[in-house]
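Taking it in order: structure first as C-alpha cells, then the write-up.
Order of the sequence lines sets the chain letters (A, B, ...), proteins ahead of strands, with each chain counted from 1. Please read all numbers here as calculations on a predicted model, not as lab measurements.
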Amino acid sequence: MEDLLDFLNSQQQQAVAAPAGPTLVLAGPGSGKTRVLTYRIAYLVGVMNIPAYHILAVTFTNKAARQMGERVTKLLGDQAEGIWLGTFHAICGRILRREADLLPVDRNFVIFDADDQETLMKNIIRENNLDEKLFRPGSVLDAISRAKNELLTPDNFPVNNFRDDQVRRLYIQYQQRLVRNNAMDFDDMLLYTSQLLEDFPVVRETYGHKFEHILVDEFQDTNLAQYAILRNLARQHHNLYLVGDEDQSIYRWRGADYRNIQRFQTDFKDSCTILLEQNYRSTQTILDTAVAIIDRNPNRTRKSLFTERKGGDKVTLVVAADDRDEADRVVASIREGITRGKQNPSSYAIMYRTNAQSRLLEEAFRREGINYRLVGAQRFYGRREVKDAIAFLRLVYNPKDEISLRRVINVPPRGIGDKTLEKLAQVATQLDRSMGETLLELASGSPELEALMGRETPRLAQFGRLLRDWREQASKNTPAILFDRVVEDTGYTAYIQDHSEEGMDRWENVLELRAVLVEYDEQGLAAFLEAMALVADQDTLPDQLDAPTMLTLHAAKGLEFDQVFITGLDEFLLPHSRSRDDEEALAEERRLFYVGVTRARKKLTLTRALRRRSPYGSFEATIPSRFLDDLPTELLQGSARGLPSRFSDGRKEPYSRWESPYFTSAARPAEPAKTRFKAGMQVRHKTYGRGVVKTSRLDHGDETVEVYFEGHGLKALVASLAKLEIL
DNA sequence: GCATCGGATTTTTTT
DNA sequence: AATCCGATGC
C-alpha cells in the first residue's frame, strides 16, 4: 500500500499522506484533485488503519460520488465496505431518517422538489390574498432558500421592510405546510441536519465519533449550513480534509460562500494548507488561456499553474452569422473530426451558459444524424407523465403529501374537480387531518365522515379505496408490482396513449420509469423515492454511448474532454445578462468561463454568433463577450471563413477585434455616434410624466434609455419610439 | 367538471 | 415561440 504514493507528484504525495487534522488542499484545475481524494481514502484505510466505516466523504454531485466509490473500491476492494460516500443531501437524508424522532416529520418524509415547492408556495400566496405579481412564488422561495442556507429560521429572518415582513410570514406558513405534508425541501435537509448537530449533543457525538475522518470535495461551493454541519461533525477530532479551488466557485447563487475557506482557517487554527499546482490535463496553450482569464479576477490567491504538455493547438474562435449557423458549424466541425480526424465521438463536449442553448445544437446533430448525449435540460424526471407516475408512488408512501395527492387525484379524470377537492380539503382541516388520511378513513366507511362529505362521498371514497389497496400492495410487494397495479387500476395506459405520436413517447417514458423502478426491487420504495428526489438529471447521463456531450458550464465542473467547444461567447449570455450590474456575479461568470476552458485537454474552440433569436422570438444583433478581450491574441486563431470582408456600412475596421468582418443586415442604419440621453437628465414622457434618466446605451442602432418615473418606477424605453422630451 | 380558446408572460446556473 | 393561466362555453 505504501507504493500508492509512487504514482503521485510531491505535492500530491504531501496531500495524500498529510497527517490527521484539519487540512485544506487548494487544487488547480486538472491537478489530480479526485485522485488525491481517492488516494487519501485509500491511505487512511490502508496505511493509517482507519476502518472505512469511520470515513465520510462528501461530493458535490451523485455522479462524482459514484466515480469516487468505484475508484476507492478498485484501490481497496472489500476494505472499502461501509464508507459513507455521497452528496451532502444524500448524507443528510440518511442521518435525518435515522434521527427522525427528533424531527417534526416522521421517518417517511418525502423531499419536495422545485416544482412541489412552487406549487405549495403558490397556494400559500393565494390563501394570503397577496398579489402574485408582487410576490412571485419563485422569488419568495428564493429568499427562503437563501435564508435557510444561512441558517436563518423565521425567528431570525431579517426584516427591513414591509416586503421582508410578508416574506417572513410566508416562510412561517411554508414551513408549517411542509410539516403537515410530512415533507421537507432540499434546504431543509441541510438546515435540519445542522440543527440536530447543534442542538443535540448526543447526535453530534454519535456522528462525530462515527466519522473519524471527513473528506469534502468542491469545498469552495459549500454554503454556511453545510459548513456548520462539517464543523460540528469535526468538533472533537478536527479531522476535516477539504479539497477545493476558489477559482472554480460557481454556485454563489445557491448560497455557496467562499468565505467558508476563511471560516475554516479561523475555526481550525492548526489547519495545514497544501497547494496542487501542476496541471496534468491541458496543453500549455489552454492553460495560458485559462490563466489569462482568471487572473483578471480580483481578491484571489494567485496560483502558479504549470503543465509539462508544452505548446498545443491554438484556441479557435468561430464567429458565426447567427445562432443556428453557430450550431451548424460546431456540429460540422465535430463530424469532420470524427470522420476525417478519427477522433472518438465521446472526446467532444459542447458547453453553454444556459440550457436553452442546447436546442439548436440538438437539431443540428439530428440533421447530421449524429448521436449525442445531453446532460440535464429536457429532464426525463421533469416530464409530466413521469412526474405523475412518481406522484402516485409518493402518495402511497406518504399519504400526507398533499401536493402529490392534488396532482394525481384526478388523473386520469375521475370526476374529482375543484369543488370536490376543496370539500375534501375543508373537511380535512376541520378534523385536523391531512387530505390523504381523510381519504383513507373515508375508504374504510365512517358514517360521520360521509355525512360531512355529503354527496361528494362516493367518488372520494372510491379513490380512497384505491389508495388503501395500493398501500397494502406496497407493504407486500416490490415497487414495480405496485406500479403495475396503479397503472392498471387507473387505466393510465389508455389515458397516456391517446393515439398521438406524443402519446407513444410519453408511454415509453412511463415504461422507462418502470425499468428504473425494477432496480429497486431489493431496496424498496423508500429508496426509490429518495433517489428520485436527490438524483439529478446530471447523473442520468448514459456513459456507455460513444457520442459528443452537450452540457452547461455548470454541469461541466469536474469533467474533462479532449475537445471542448464553448458556445455563445456574447454579452448577455456569457457573462449572462442577469449578472451584468453586480461585480461579484460578474466575477462568478468569469470563473464559469474559466471552468469551461480548463475542461479541455487538447483543443478549445470558442464560438459566438453575430445575431441570435431572443427568447421572445425575434433576431437581435449581439455584442461580443467582454471575456474575449482577455484572451492572449498569440494563442488564438480566428475564423470567419466564407464571409464577406467588408462592413455593410462601408467601414473597413471592425468596432472591436471580435466583430466579424460581416454585417448581417444591409438595411440596418449606422449607429449614431453617441447617445442622445445621459444619466441624470430630466425628461418628460407622454404617459409616465416626468422622470430622470438612469442609463442610456446604444444597442445596434437603437438607443435604449432607462428612466425612473415618479409613481411608475424604472422603465426601459427605446429612444426613437418613446418620444421623450428633454427638460 | 371539463375542454378549448385567447391573452398574457417569459429569472441562468442545480442538490 | 412556447407555455401557462384564466375565462368561457358546453
Side-chain angles (χ1 to χ4, degrees), chain A residues 58-65 86-93 111-115 117-119 122 126 132-133 136-142 145 148-149 184-191 193 218 221-223 225-226 249-256 351-360 375-379 381-382 384 409-423 456 459 530-539 551-558 568 572-580 582 585 588-589 591-593 595-596 613-619:
Chain A
V58 191
T59 60
F60 195 71
T61 63
N62 291 289
K63 187 178 170 163
T87 63
F88 266 103
H89 291 85
I91 302 281
C92 290
I111 298 157
F112 272 11
D113 68 15
D115 284 350
Q117 294 183 56
E118 188 102 0
T119 312
K122 212 179 275 175
R126 278 193 198 149
E132 276 175 74
K133 300 272 143 45
R136 289 243 178 72
S139 90
V140 175
L141 285 167
D142 209 49
S145 169
K148 288 179 178 175
N149 288 330
M184 61 176 74
D185 64 22
F186 285 122
D187 302 314
D188 285 332
M189 301 184 78
L190 305 175
L191 184 62
T193 306
E218 309 282 10
D221 281 323
T222 51
N223 59 38
Q226 290 164 330
S249 162
I250 53 174
Y251 285 93
R252 196 181 70 111
W253 51 274
R254 214 176 79 185
M351 301 170 189
Y352 34 77
R353 178 66 236 266
T354 69
N355 278 309
Q357 289 168 259
S358 68
R359 220 195 69 229
L360 288 170
V375 182
Q378 187 35 272
R379 318 144 58 113
Y381 294 107
R384 191 170 53 247
I409 195 169
N410 205 27
V411 174
R414 55 172 71 80
I416 302 178
D418 279 351
K419 276 270 158 52
T420 314
L421 209 49
E422 282 328 301
K423 182 80 179 177
E456 324 285 5
R459 273 166 296 168
E530 180 102 357
M532 287 305 99
L534 296 181
V535 173
D537 295 87
Q538 301 293 316
D539 309 305
L551 72 182
T552 62
L553 288 164
H554 281 89
K557 195 172 68 160
F572 309 105
L573 219 42
L574 186 67
H576 195 268
S577 51
R578 298 280 309 167
S579 316
R580 270 179 68 240
D582 177 351
E588 180 147 312
E589 295 287 309
R591 291 194 292 268
L592 196 51
F593 183 36
V595 166
R613 223 172 252 289
S614 80
Y616 286 84
S618 61
F619 268 118

Is there a side-chain polar atom (N or O) of Ser579(A) under 4.0 Å from OP1 or OP2 of dT12(B)?
no
Taking the side chain from Asp188(A) and the backbone from Leu191(A), do they hold a donor-acceptor pair closer than 3.5 Å?
no
Round to a whole Å and report the spacing from CG of Leu191(A) to C1' of dT15(B).
15 Å
Can you tell me how far P of dT14(B) sits from CD of Glu588(A), to the nearest Å?
12 Å
So, Asp221(A) side chain and Ile250(A) main chain: donor-acceptor pair closer than 3.5 Å or not?
yes
Side chains of Arg254(A) and Asn223(A) in contact at under 4.5 Å (non-hydrogen atoms):
no
For Leu551(A) and dT13(B), give me the distance from atom CG to atom C1', rounded to whole Å.
12 Å
If every non-hydrogen atom of Ala555(A) is compared with every non-hydrogen atom of Val375(A), which pair is closest and at what distance?
CB-CG1, 4.2 Å
From dA1(C), dT13(B), dT12(B), nucleotide with atom closest to His554(A) side chain
dT13(B)
Over how many whole Å does the gap from Leu360(A) atom CG to dA1(C) atom C1' extend?
12 Å
For nucleotides 1-10 of chain B, just jot down a letter per nucleotide in 5' to 3' order: B, S or -, based on protein non-hydrogen atoms under 4.0 Å.
SS------SB
What's the shortest heavy-atom distance between Leu573(A) and Gly568(A), and which atoms?
CB-O, 3.7 Å
Can you tell me how the ring of Tyr251(A) sits relative to the ring of Phe60(A), calling it parallel under 30°, perpendicular over 60° and tilted otherwise?
tilted
Expressed in angstrom and rounded to an integer, what is the separation of Lys557(A) atom NZ from dT12(B) atom P?
21 Å
Are Glu589(A) and Arg353(A) ion-paired here, with the side-chain N under 4.0 Å from a carboxylate O?
yes
Atom-pair distance (CD on Glu530(A); P on dT15(B)), nearest Å:
15 Å
What do you reckon, do His576(A) and the base of dT12(B) stack, with centroid distance below 5.5 Å and planes below 30°?
yes
Let's test your reading of the model: under 3.5 Å, does the base of dT13(B) pair with the side chain of Arg353(A) as donor and acceptor?
yes
Heavy-atom closest contact (Leu421(A) atom, Ile409(A) atom, distance):
CD1-CG2, 3.8 Å
Has Trp253(A) got its ring stacked on the base of dT12(B), with centres under 5.5 Å and planes less than 30° apart?
no
Give me the stems containing DNA chain B, sorted by first residue, counting only three or more consecutive Watson-Crick or G-U pairs with both distances under 3.5 Å; say none if there aren't any.
B:1-10 with C:1-10
Whole-Å distance between dT15(B) C1' and Gln226(A) CD?
8 Å
Is it true that a side-chain atom of Asn410(A) and a backbone atom of Gly417(A) form a donor plus acceptor pair closer than 3.5 Å?
no
CZ of Arg359(A) versus C1' of dA1(C): gap in Å, rounded?
8 Å
Could you measure between the two P atoms, the one in dC4(C) and the one in dT13(B), and give it in whole Å?
16 Å
Do any N or O atoms of the protein come closer than 3.5 Å to N or O atoms of nucleotides 3-9 of chain C, and which pairs are they?
{"residue": "dC5(C)", "atom": "OP1", "partner": "Lys122(A)", "partner atom": "NZ", "Å": "2.9"}

Mapping Asp187(A) and Asp142(A) onto DNA chain B by nearest heavy atom, which one lands closer to the 5' end?
Asp142(A)
Tell me which nucleotide among dT15(B), dA1(C), dT14(B) gets nearest to the side chain of Phe186(A).
dT15(B)
Measuring only between side-chain heavy atoms, which start at C-beta, is Leu574(A) closer than 4.5 Å to Leu553(A)?
yes
For a quick check of understanding: with a heavy-atom distance under 4.0 Å over all strands, which category does Tyr251(A) fall into, base, sugar-phosphate or nothing?
sugar-phosphate
Within less than 4.0 Å of OP1 or OP2 of dT14(B), is there a side-chain N or O belonging to Asn355(A)?
yes
Would you name the heavy atoms of Gly93(A) and Glu530(A) that are closest together and state the gap between them?
CA-OE2, 3.6 Å
Testing the basics here: between Met189(A) and His89(A), what is the closest heavy-atom pair and its distance to 0.1 Å?
CE-O, 3.3 Å
If you compare all heavy atoms of Gln117(A) against all heavy atoms of Phe186(A), which two are closest, and at what distance to 0.1 Å?
NE2-CD1, 4.4 Å
